[in-house]
Each structure stands twice: as C-alpha cells, then as structure tokens.
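Start at 1 and go down the list; that is how both ligands and their atoms are numbered. The first residue in the sequence is number 1, and the count goes up from there.
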Amino acid sequence: MSKPLDQSRMDKIVSLAKRRGFIFPSSEIYGGLNGFWDYGPLGVALKRNLKDAWWHDMVAGHDELAAPAGAPAPYEMAGLDCTIIMHPQVWKCSGHFDLFHDWMIDCRESKRRYRYDHLTGRWAAHRDKRTFVTTDASGDDVPAELAARAQKFFGLRAKQVDEIAWEGEPTPLPAAVAAGVTLADSLGPDASAPGSLTAPREFNLMFETRIGAVAGGDDDRAFLRPETAQGIFVNFKNVLDTSRVRVPFGICQIGKSFRNEITPRNFTFRSREFEQMEIEFFCRPADSAAWYRYWRDRRWRWYLDLGLTASRLRLREHDRDELSHYSCGTADIEYAFPFLAAGEFGELEGIAHRGDFDLRSHMEGKLVRRDGDLVVETGADGKPRHRGSGKDLSYFDDVSRERYVPHVIEPSAGADRAVLAFLCDAYHEDEVPDEDGKPRSRTVMKLHPRLAPVKAAILPLVKKDGMPELAGELYRSLKRQMTCQYDEKGSVGRRYARQDEAGTPWCLTVDGQSLADRTLTLRDRDSLVQERVPLDEVPGLLRDRLT
Ligand code: ATP
C-alpha cells in the first residue's frame, strides 16, 4: 500500500464518520463485508443533500429558456430511473461483457489478491541471491517500499540496505513480464519467497446473477449494472417520443451501480456497490466539441461552488493514448484525498465525449474501431459478434431537416466518492474559547450549508423558565422548512461541540432575554460570530443563507 499523504488525518475522518453516524461498514456485527458501506443517520442526510443538489442544479432547477454562461445554446434536461438488472444484450452491445475486466494476480503464500497493473517491481541482488522484488505501493512510495521488501527478503539490518545491488528502474509488473521477467523469479508484495504469484487472470467486474426460479441455462444469466449510463441510452427513444425535448438535451439518472472490484480500498473510494449521478447529453455532431468544453467546465465549477478547496481539486484532460477507443476527449475531475501519496489525485467524475458510439452500438451491435472507423465487430462466421436492437435511434431535426445519430457528452460522477471528498475537505481542527474564555480544541466539519445534514440546532440555554417551550415553538416552525435538531442535553459548550462535529452551520440559543423580547443568539459554525436576531425572522434569515 502507498504511504498516504496524511494517514492520521484520514484515520480521524474515518473514526469521526463512524462515531457520529456518517458511515459504517456494511453488516458490521458479522465482521463487515469488504467493499460495502452503510450510511448512518448523518451520512444518509449528507448523501441525500448531495444528490438533491446535483438533481436540482442539473435537472429540476435548470432553466431551458436561456443559455447558461458558457453554453453554446439553451438546452433541456430530463430525468430517468432505470432498473439495475437489464436485458443481458445491453451489456454485450455496450462492450462491458467482453471488455469490462481487470487482470488479477493471486499470491499462493499470502492468499492476497492484487490488480496485476497495480504491481511494480525491480531486480535486487545481495551476495548470491537475486530476485525481482514487487510492491503494490504507488507513486513516490515505490522506491522505499521496494527497499523495505528487499531488506526483509535478504535478512539485512537497516544499515546494510546500501549493500543491495539494484538493476534497472522500478517497472510495472506487466511491462517487466513482457520484457522477460518470470513470475517464478518475482517476490510477491506480501510473500517471503519468490514464485508464489499465480499467472494473471482476466476478471470481469460485472456481478452476475440468475433470473427466475429454475436457474441454469445461459438464457437466465443477468448482470447487475456496472454503470447507470446504459439505461439512459436504451431509453433515448422513449424519452424523445414521450417528452417535448429536442436536441440538444440531456437525460440524467442517479442510481446504484455494482462492480466486483478486485481490491476495494480506501474507505468508500473503491466500493463494490456505489451510487452514480450520470448525464448523457445528446447534441449535433458538429457542436459536440463545444458542448464537451461546456460540460467539463460546468461540472468542475459545481464542486467549487459547493465548497471543495480549489487547491485540492484538479481537472485533468486525458492524453490521446489514454482515451477509450470511442472517445474524442475525456477529462477527469480529481481530488487529493488524504489517503493518497503526495501529488496523487483520485477521480471524482469523468466527463467524456463519446461520439455516437453508444447509440450506434445499441442500434447495430457491438462496435470496434478499425482503421479509425467504428464498425460492427463480427465473429468467424462474418455475423455481428453481439447483435444490436435493430431499432432506429437516429434523430430528425425538423428545423434543419437533417437526420443524424446524436453525439454524446457524458459527465459521470460518483455520489459516494463525492461524499467522501466533501467529508475529507470539511474536516478541520481548531481552537475556540470555552464558556470561561479558555481555548478549547474542537473538531468541526465545515460542510457547505446545502450539504450539511442538519441546517440548524435549537438549544434552550437551560431546561426551565419557559426556554424549552419557546425553543420548541421555533423548532416546530423551522422544521417545516429545513432539517433541524432540538437539543437540551448538557452544557451549551458541549452542545455546540456536538453540532460542530455534525457540520451544522447554525446554532440558535434561546436564553432569558428571549423570553422578554423574542430574540435569540445565532452562532455561525465557521466564523463563531454570535448575532442577536428576532426569533420570528429566523426562518426567513436561514432560508436566505441557504440559497
Ligand atoms: P476508477 O478508474 O477510479 O476505477 P472509472 O474510471 O472506472 O474509475 P467510471 O467508469 O468513469 O470510473 O465511473 C464514473 C464514476 O463512478 C467515477 O468517477 C467514480 O466517481 C464512480 N465510481 C466508479 N467506480 C467506483 C467504485 N468502485 N466505487 C465508488 N465509486 C466509483
């Protein structure tokens, strides 16, 4: 494993997530299940707020009458919710059945499994022993990890490390094997002797299931969707025929996806069950490059507007050789998660220009690129390898009188990765004066008010003298508009601390003066400024601050 940028920070975030009910391991009382996570009371509210913000900003709140800043033209957005299990042919035509796999490699000694492409190795020799040492570390950590592995293998003390003779540079294992290194000579990342790594095997990441009671034949085979996007493509015509949308327009979907990841890791970052928020935006081929740029920049700004720290975000355009065979341009929005090594970023969202690949695949059958063109892949018998639906998914533009297969721009985001990035970004430790004015350290989740699970906490200063009744009155009226909590347990300082950890932006304290003049103190989580405001104006005031 790579040595992370800030493991102690990450440990604190994971522990707060557990302690405060943001995220729990799935089926925890049975020891958990690798790659599966549950969202507790605060977590479910945070994730729902994030998905609602996406849905509002992309779909429900979209103004189709005017072109938003940077957009080539006004456009429409529609929503959709498809099934998780779809016709198996969907995955054959999309390419997932044949191509959605990783190479895995097992270690017979440690019983650990690795992604083949995640292993890096280098020849090391000491006296009469020589081996190709490997590690699953990444980035800048590789040399130190290799040295530590070699030191252990040769049985050396720390001061003898310089006696190791290294040959060549650290090389990804697949490239090393292609250049002649054998697995018999390779020392697995967690093994004590060379030769324990198995030959790499292809592994399809789609979870398979069977449909119906009498499962058995190949016809019953079905898959849990590994992305929500295909449900949108196969409903393209339904949406077009039943709503008033015209190209350019987008179809949006939020939903669960499943990938049988070989090595789920880094908290929820790489899970086996997760949620995606995907847009398929359909446009005229001639305008597609401009729409690609629009969506890339628009999605980038969305994360900034919700408060992610700009210096931890990166927009990375893929190099030509990194692009999928159908793509004319792809950019990733990435975040510097604390579990990554310095200088490394993890993907939050990919924005891909997919051309007409998807709609054509579902019309004609699985496509491959040949001599620069997309053509239907054929088997030895000359027939399509995976037959398409045969349905016409082209679009007739009744203004320009042209017919074409729209091009697609796909902004594809992960809800769980976004929640994780916002949690990591929000985590702060600082000092605040306690009730006696002495500095007290606090942990505070500086979540954007739109994302905060609880918007306001209503706290009667003491549990008597009519304060709980007045606070209860405010609680009931505010709760109709936003999520809030009533808390009368413990000192006010402790109650503030609880809300700071939950990320609640505002605390409203009802005190003796409130009974006389119906005002209360409004405490801001981040600035700690306390203002005296009329109780009856609180709902309007907070509503304004929330937008
Ligand atoms: P990675 O390279 O990190 O596996 P990917 O390029 O395969 O990601 P996409 O297929 O582009 O990811 O999926 C779109 C988005 O879905 C990703 O940007 C990410 O936010 C989310 N996502 C993909 N795989 C996972 C996963 N295993 N766990 C959580 N979120 C995921």
Min heavy-atom dist Asp416 to ligand 1 below 4.0 Å: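 No, Asp416 has no heavy atom closer than 4.0 Å to ligand 1.
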
Test item, Gln276 contacting ligand 1 (heavy atom, 4.0 angstrom):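 Under 4.0 Å: yes for Gln276.
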
Shortest reach to atom 10 (O) of ligand 1 by a heavy atom, considering only Arg115, Arg259, Glu227: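 Looking at heavy atoms only, Arg259 sits closest to atom 10 (O) of ligand 1.
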
Considering only the protein, which heavy-atom contact is closest to [atom], and what is its distance?
{"atom": "atom 21 (C) of ligand 1", "result": "Gly414 CA, 3.8 Å"}
{"atom": "atom 19 (C) of ligand 1", "result": "Arg417 NH1, 3.5 Å"}
{"atom": "atom 6 (O) of ligand 1", "result": "Glu347 OE1, 3.2 Å"}
{"atom": "atom 4 (O) of ligand 1", "result": "Arg270 NH1, 2.8 Å"}
{"atom": "atom 29 (C) of ligand 1", "result": "Phe269 O, 3.2 Å"}
{"atom": "atom 22 (N) of ligand 1", "result": "Phe274 CE1, 3.5 Å"}
{"atom": "atom 14 (C) of ligand 1", "result": "Ser412 OG, 3.0 Å"}
{"atom": "atom 28 (N) of ligand 1", "result": "Ser271 N, 3.0 Å"}

Sequence-distant partners of Glu334, salt bridge (Lys or Arg N to Asp or Glu O under 4.0 Å), two or more places apart: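 Only Arg314, Arg316 meet the salt bridge (Lys or Arg N to Asp or Glu O under 4.0 Å) criterion with Glu334.
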
Centroid-centroid under 6.0 Å between Phe22 and Tyr39 rings: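 Aromatic pair excluded; centres sit 6.0 Å or further apart.
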
Ring-ring centroid check Trp37 Phe24, cutoff 6.0 Å: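 No, the ring of Trp37 stays outside the 6.0 Å limit from the ring of Phe24, centre to centre.
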
Short side-chain donor-acceptor distance under 3.5 Å, [Y] and [X]:
{"X": "His386", "Y": "Asp98", "value": "yes"}
{"X": "Gln230", "Y": "Ser94", "value": "no"}
{"X": "Gln89", "Y": "His362", "value": "no"}

Ligand 1 versus Leu348: contacting region, heavy-atom distance under 4.0 Å: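 Within the 4.0 Å criterion, Leu348 contacts ligand 1 through backbone atoms alone.
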
Lys NZ or Arg CZ of Arg417 over Phe269 ring: under 6.0 Å, within 45°: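 Arg417 over Phe269 ring: yes.
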
Distance-only N or O hit between ligand 1 and Glu261, under 3.5 Å: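 Yes, since at least one N or O of Glu261 sits under 3.5 Å from an N or O of ligand 1.
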
Donor-acceptor pair, side chain of Glu278 and main chain of Ala229, under 3.5 angstrom: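 Looks like yes, one N/O pair under 3.5 Å.
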
Residues in side-chain contact (heavy atoms from CB on, under 4.5 Å) contact with Ala290, at least two apart in sequence or another chain: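 Ala290 satisfies side-chain contact (heavy atoms from CB on, under 4.5 Å) with Pro72, Arg293 once adjacent residues are dropped.
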
